[in-house]
Amino acid sequence: MNEKELPFDIVSCLLYRDALMLVIDKPAGMPVHPGPRSGTATSDETLSDHLDALRFGLPRRPELAHRLDRDTSGCLVLGRHRKALDKLGRLFQSGKVEKTYWAIVEGGPAGDAGEIDLPLAPRDPARGWWMKVDAAGQPALTRWRVLGRGEGLAWLALTPVTGRTHQLRVHCAAAGFPILGDAIYGNAPRIGGPGLHLHAAALAIPLYPSREAVRIAAPAPPHMHAALRAAGWCATSPDAVAGR
């Protein structure tokens, strides 16, 4: 097990726990597993290095049922054993998990709701995580809704109907309203920017056939508070709790 310590208490990030799954509130800036930039170097800290702390009495540690980008915060689902992982994987792959993200974008759309339907493909085959709009790419659909507006900013609820790499970031940038703090597809500097203002705010997971979907919400991260307030967010409002 990796002996390094996380800069946060992973157990305190727990949002939901039952016999099949855990949902944690992943902090921004923490990769969930080694990626193209971190490779397999042991000096690179990832969330997956520390999942043993979330066993809660089970013989094996939970594993990731999906992924979030390094700089995206919010709801991250873990399967507690192999059968649970298989079931969760099918739900995510079939699009049955309802995902809601919050984003603060620069400028903002003219309307109050709409869709971005643009296919995506890797920009460089050697860097598969870096994407672009490409007519020959895979279909990608994002639904958006304006939750609030501020001076030069808009607060959006984003629903990715498909799950392509960097889909929300590329779609928002291509539509003319890049996500605040995006140093790859937006206007933020590579060093010293405000941090990516993209948050996995809520999930609805139809895990149990005879019950309603399990609904989990993650609170807005501190680095987004100022921009959210400027766009009309209030930390005590129902939307702040429900992730709508």
Side-chain angles (χ1 to χ4, degrees), residues 26 28 31-32 35-37 66-77 92-125 127-150 152-190 193-204 218 220-221 223-224 227-228 231 233 239 243-244:
K26 186 190 89 66
V32 295
R37 286 181 290 178
H66 65 133
R67 60 158 293 170
L68 291 177
D69 292 343
R70 171 195 294 263
D71 296 321
T72 302
S73 60
C75 296
L76 181 67
V77 180
F92 276 101
Q93 291 169 12
S94 64
K96 293 181 180 178
V97 176
E98 181 183 323
K99 296 174 279 189
T100 301
Y101 288 74
W102 281 2
I104 294 292
V105 299
E106 299 178 27
D112 293 328
E115 295 183 347
I116 304 170
D117 187 359
L118 295 171
L120 302 177
R123 184 178 298 183
D124 180 348
R127 302 174 72 183
W129 55 272
W130 197 356
M131 306 298 285
K132 65 178 180 180
V133 173
D134 187 333
Q138 292 183 304
L141 177 63
T142 299
R143 296 193 175 108
W144 57 266
R145 181 166 53 94
V146 176
L147 298 178
R149 298 182 189 270
L153 300 172
W155 165 27
L156 305 184
L158 301 173
T159 300
V161 179
T162 52
R164 310 303 177 203
T165 300
H166 288 183
Q167 175 177 318
L168 301 180
R169 297 167 68 178
V170 180
H171 272 179
C172 286
F177 40 89
I179 296 175
L180 183 67
D182 194 337
I184 298 175
Y185 307 103
N187 301 312
R190 292 295 177 120
L196 184 68
H197 281 47
L198 179 63
H199 176 62
L203 294 171
H223 77 279
M224 290 179 60
L228 282 166
W233 171 78
D239 281 357
R244 289 193 291 267

Side-chain (D134) to main-chain (A136) donor-acceptor, under 3.5 angstrom: yes
Side-chain heavy atoms of T72 within contact of Y101, under 4.5 Å: yes
Over all atoms of both residues, closest heavy-atom pair of A218 and A200: CB-O, 3.9 Å
Nearest heavy-atom neighbours spanning A174 and V133: CB-CG2, 3.9 Å
Backbone of R70 reached by a side-chain donor or acceptor of K26 within 3.5 Å: yes
Identified side chain to side chain contact (heavy atoms under 4.5 Å, CB included) partner of L203 from the options V97, T100, L76: V97
Close side-chain approach of L120 to H171, heavy-atom, < 4.5 Å: yes
L198 and D71: CA distance, side-chain angles, deciding distance, side chain to side chain contact (heavy atoms under 4.5 Å, CB included) verdict: CA-CA 8 Å; L198 179 63; D71 296 321; over 6 Å; no
Over all atoms of both residues, closest heavy-atom pair of L153 and A227: CD1-CB, 4.3 Å
Could you list the donor-acceptor pairs under 3.5 angstrom formed by side chains in residues 107-119, with sequence neighbours left out?
from: E115; atom 1: OE2; to: R143; atom 2: NE; distance (Å): 2.9

Rounded distance [0.5 Å steps], CH2 in W155 versus CH2 in W102: 5.0 Å
Any donor-acceptor N/O pair, Q167 side chain to L141 backbone, under 3.5 Å: yes
Partners meeting side-chain hydrogen bond (donor to acceptor under 3.5 Å, both in side chains) with N187 (sequence neighbours left out): E106
H199 side-chain N/O to I104 backbone N/O, donor-acceptor pair under 3.5 Å: no
Beyond-backbone contact of V105 with W144, side-chain heavy atoms, under 4.5 angstrom: no
Minimum side-chain heavy-atom gap K132-P122 below 4.5 Å: no
Heavy-atom closest contact (L147 atom, A157 atom, distance): CD1-CB, 3.8 Å
C75 versus L68, closest heavy-atom pair with distance: O-CD1, 3.5 Å
Distance-only side-chain donor-acceptor flag, T159 / E98, under 3.5 Å: no
From S73 atom OG to L196 atom CG, the distance as rounded to the nearest 0.5 Å: 8.5 Å
Indicate every side-chain donor-acceptor pair of residues 178-186 with a distance under 3.5 Å to a residue at least two apart or in another chain.
from: D182; atom 1: OD1; to: R169; atom 2: NH2; distance (Å): 2.9
from: D182; atom 1: OD1; to: I184; atom 2: N; distance (Å): 3.0
from: D182; atom 1: OD1; to: Y185; atom 2: N; distance (Å): 3.1
from: D182; atom 1: OD2; to: R169; atom 2: NE; distance (Å): 3.0
from: Y185; atom 1: OH; to: M131; atom 2: N; distance (Å): 2.9
from: Y185; atom 1: OH; to: H166; atom 2: ND1; distance (Å): 2.7

Expected output: side-chain H197 to main-chain L228 donor-acceptor under 3.5 Å: no
